[in-house]
There are 2 protein chains.
Amino acid sequence: MTAARSVDNQAVPGDAVAVGGVGRVGPRDGVPPSGWTVQMNALGEFIRAQRQLANLSLREMAAMTSVSNAYLSQVERGLHQPSLKVLHSIAAALQLSTEQLLAQAGWVSGTREAASGNGTEEAIRTDPRLTPEQRAALLGVYRSFVEPE
Amino acid sequence: MTAARSVDNQAVPGDAVAVGGVGRVGPRDGVPPSGWTVQMNALGEFIRAQRQLANLSLREMAAMTSVSNAYLSQVERGLHQPSLKVLHSIAAALQLSTEQLLAQAGWVSGTREAASGNGTEEAIRTDPRLTPEQRAALLGVYRSFVEPE
DNA sequence: CATCGGCGTTAAGTATGTCAATCAGGGTGA
DNA sequence: TCACCCTGATTGACATACTTAACGCCGATG
């Protein structure tokens, strides 16, 4: 765990995936014909991560998306493939574009700018809400993260 | 049911489908909770057009996509909302990108540029070069900077 | 004419997405 | 302690996606 905020992670018996290991999911294109459940899993984990990052409970998100918390739970755990409609609502609630969600699920290969990753630097640099000192600090942290050595 | 459909035979193209101009209202709405059949219709028409353009019969396309011709027919007629899996197969068969199909269906808003300042948050959250922990940490710092309270 | 084979559509069945109600656990305050 | 309220997870009922087997129509061949 070691997340900044203690996310009350109450795993049940069996406790599936700890968020620790995976690292990141790369956008891989192609048509994985049978490796399907993998994508559901990746999508679910991504959604859960985003939701927790936004400090939303399942029920809060359910209210925003008009999707039942029960189903959201199942989607996040990779038990179901959500429809377009649901996916779209989720993206809206998380303030993401549908494409980004789809990219995470491995469905859509495009996503030019998100893949490069240096969009973050640019965003920080041009963020009008930050003071120069804050900008510098944030950039420093970010660079220390992404810099290999 | 509701065979409000004229008996016109399945003559191939040439028949004007001009049903009074759908008119693609605007890229403004997200997903109008109830007005969503419009998009199914648009998607279906687009698929049918593309298929005929490629000189494919429903059964041929069914073979390529591993989706039954019957279902393809219904999708093209706007009777059903295909799942991601099916949509992806269709896109492949028509040699289109999934994004193009989704765009036609009106699901992806294309370029979502929100200059309202949360661009940084989004960039951080979707940066593939960050681990989940790093994301959470960076986001925490950023929020502490811009926090209004 | 009759038969065959292709076309798109329909009917009925199965699989899967989705919801409302409920459960078990944990934190908080009286 | 107990009573609350909120968290995520489960269950059973229903709606929708999807398939297989048929139908009616048309053109080509015999």
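In what follows, chains carry the letters A, B, and so on, assigned in the order in which the sequence lines appear, proteins first and then strands, with residues in each chain numbered from 1.
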Answer with base, sugar-phosphate or nothing: what part of the nucleic acid does B:Ser83 contact at a heavy-atom distance below 4.0 Å? sugar-phosphate

Winner on side-chain proximity to A:Ala70, out of D:dT10, D:dC18, D:dG8, is D:dT10

To the nearest angstrom, how far is B:His80 atom NE2 from C:dG17 atom P? 15 Å

Salt bridge present between A:Glu60 and A:Arg51 (N-O < 4.0 angstrom): no

Assert: residue with more 5' nearest nucleotide on DNA chain D, out of A:Ser57 and B:Leu72, is A:Ser57

Can you measure B:Gln81 atom CD to D:dA15 atom C1' for me and round it to whole angstrom units? 14 Å

Please state how far atom CD in A:Gln52 lies from atom C1' in D:dG8, giving the value in whole angstrom units. 11 Å

To the nearest 0.5 Å, atom CD of A:Gln50 lies from atom CD of A:Glu45 at 12.5 Å

Among the candidates D:dC18, C:dT9, C:dC19, find the nucleotide nearest to the side-chain atoms of B:Arg77. C:dT9

Does C:dT18 have OP1 or OP2 sitting under 4.0 Å from an N or O in the side chain of A:Ser68? no

What is the distance from atom CG of B:Asp127 to atom CG of B:Leu139, rounded to the nearest 0.5 Å? 11.5 Å

For the pair made of CG in A:Leu79 and P in D:dA9, what is the distance, rounded to whole Å? 9 Å

So does A:Arg59 reach the base of D:dG8 with its side chain, donor to acceptor, closer than 3.5 Å? yes

Can you check the B:Tyr71 OH to C:dT10 C1' distance for me, whole Å? 16 Å

Would you indicate, yes or no, if D:dA9 has its OP1 or OP2 atom less than 4.0 angstrom from a side-chain nitrogen or oxygen of A:Ser73? yes

Could you check how far CG of A:Asn69 sits from P of C:dC23, rounded to whole Å? 15 Å

For B:Leu84 and C:dG17, what is the distance between atoms CG and C1' respectively, to the nearest whole Å? 13 Å

Rounded at 0.5 Å granularity, tell me how far CZ in A:Arg59 sits from CG in A:Asn69. 4.5 Å

Regarding B:Ser66, tell me which of base, sugar-phosphate or nothing describes its non-hydrogen contacts under 4.0 Å with the strands shown. sugar-phosphate

Tell me whether the OP1 or OP2 atom of D:dT7 has a side-chain N or O from A:Arg51 closer than 4.0 Å. no

Is A:Arg143 paired with A:Glu121 through a side-chain N to carboxylate O contact shorter than 4.0 Å? yes

Between P of D:dA13 and CD of A:Gln74, the distance in whole Å: 16 Å

